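This report refers to the structure that appears directly beneath it.
These values consider heavy atoms only, across backbone and side chains, with no hydrogens, waters or symmetry-generated copies. Keep in mind it's a predicted model, so treat the numbers as computed, not measured. Residue numbers run from 1 in the order of the sequence given.
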Amino acid sequence: MAGVVNEHFEENYAFDCTGARAAAGDDEQSLDRIAVEATISDLKRDMFLEKARIELVVLRNIDSNFIMTTADKVFPKGAIL
C-alpha cells in the first residue's frame, strides 16, 4: 500500500516539488533540503494513512486502532523517504 501511495505521489505531485527542492539546494544534507524532504514525506504519510483508513477500516471493517498502530509502524511520523 505504501508503494502504491509513493508511486501515485511521484506520478502526480513530484513535479510540483521540483521548485521547492531546487530552492533548498543540491546538498541533501542541508537543513533547508531536509525540511523540504520532511514536508514531502509528511504529505506521503498523510496520503498513506488516509488510504489505509479508507481501504482497511471503512471498506473492510478492520479495527481502526489496529490499522493505525500498524500503519504508524510502516510509515512512522518524522520518517524521511
Side-chain angles (χ1 to χ4, degrees):
M1 193 176 294
V4 170
V5 168
N6 189 57
E7 183 177 314
H8 176 74
F9 183 89
E10 293 300 324
E11 288 175 357
N12 296 291
Y13 304 108
F15 180 77
D16 298 334
C17 300
T18 303
R21 284 177 167 150
D26 292 332
D27 180 8
E28 293 183 7
Q29 301 303 315
S30 74
L31 294 179
D32 289 340
R33 185 61 184 263
I34 290 170
V36 168
E37 296 302 328
T39 300
I40 292 169
S41 291
D42 286 346
L43 291 171
K44 289 179 181 181
R45 181 178 189 272
D46 290 346
M47 292 170 67
F48 171 74
L49 292 176
E50 184 62 11
K51 185 172 185 64
R53 188 187 71 76
I54 291 170
E55 289 188 14
L56 301 174
V57 175
V58 174
L59 297 177
R60 297 184 187 175
N61 201 28
I62 300 172
D63 179 62
S64 65
N65 288 328
F66 172 75
I67 296 301
M68 291 302 119
T69 300
T70 304
D72 194 50
K73 290 177 184 176
V74 172
F75 210 146
K77 182 137 182 88
I80 297 178
L81 302 174

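- Contact record, Ala24 with Ser30: O-OG, 3.7 Å, taken as the closest heavy-atom pair.
- No chain of hydrophobic side-chain contacts below 4.5 Å, direct or via other Ile, Leu, Val, Met, Phe, Trp or Tyr residues, connects Ile54 to Phe48.
- The number of heavy-atom neighbours closer than 6.0 Å to CG of Leu31, taken from other residues, nucleotides and ligands shown, is 12 or below.
- Residues in residues 10-39 take part in these ring-ring contact (aromatic ring centres under 6.0 Å, His included) pairs, two or more places apart or across chains: His8-Tyr13, Phe9-Tyr13.
- One distance of note links CG of Leu59 with CZ of Arg53; it measures 9.5 Å at 0.5 Å rounding.
- Between Lys44 and the options Glu50, Glu7, Glu10, a salt bridge (charged side-chain N to carboxylate O under 4.0 Å, His left out) holds for only Glu10.
- Every residue two or more places apart in sequence or in another chain was checked for a side-chain hydrogen bond (donor to acceptor under 3.5 Å, both in side chains) with Glu28, and none qualifies.
- If you take OG1 on Thr18 and CG on Asp16, they are separated by 7.5 Å, rounding to the nearest 0.5 Å.
- Pairing each heavy atom of Val4 with each of Lys51, the nearest pair is CG1-CE, 3.9 Å.
- Summarising the local packing, CG of Asn12 is surrounded by more than 12 heavy atoms from other residues, nucleotides or ligands at distances under 6.0 Å.
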For residues 62-81, please give each side-chain donor-acceptor pair under 3.5 Å, one per line with the distance, not counting sequence neighbours.
| unit_1 | atom_1 | unit_2 | atom_2 | d |
| --- | --- | --- | --- | --- |
| Asp63 | OD2 | Asn65 | N | 3.4 |
| Asp63 | OD2 | Phe66 | N | 3.0 |
| Thr69 | OG1 | Asn65 | O | 2.8 |
| Thr70 | OG1 | Phe66 | O | 2.8 |
| Asp72 | OD1 | Arg45 | NH2 | 2.3 |

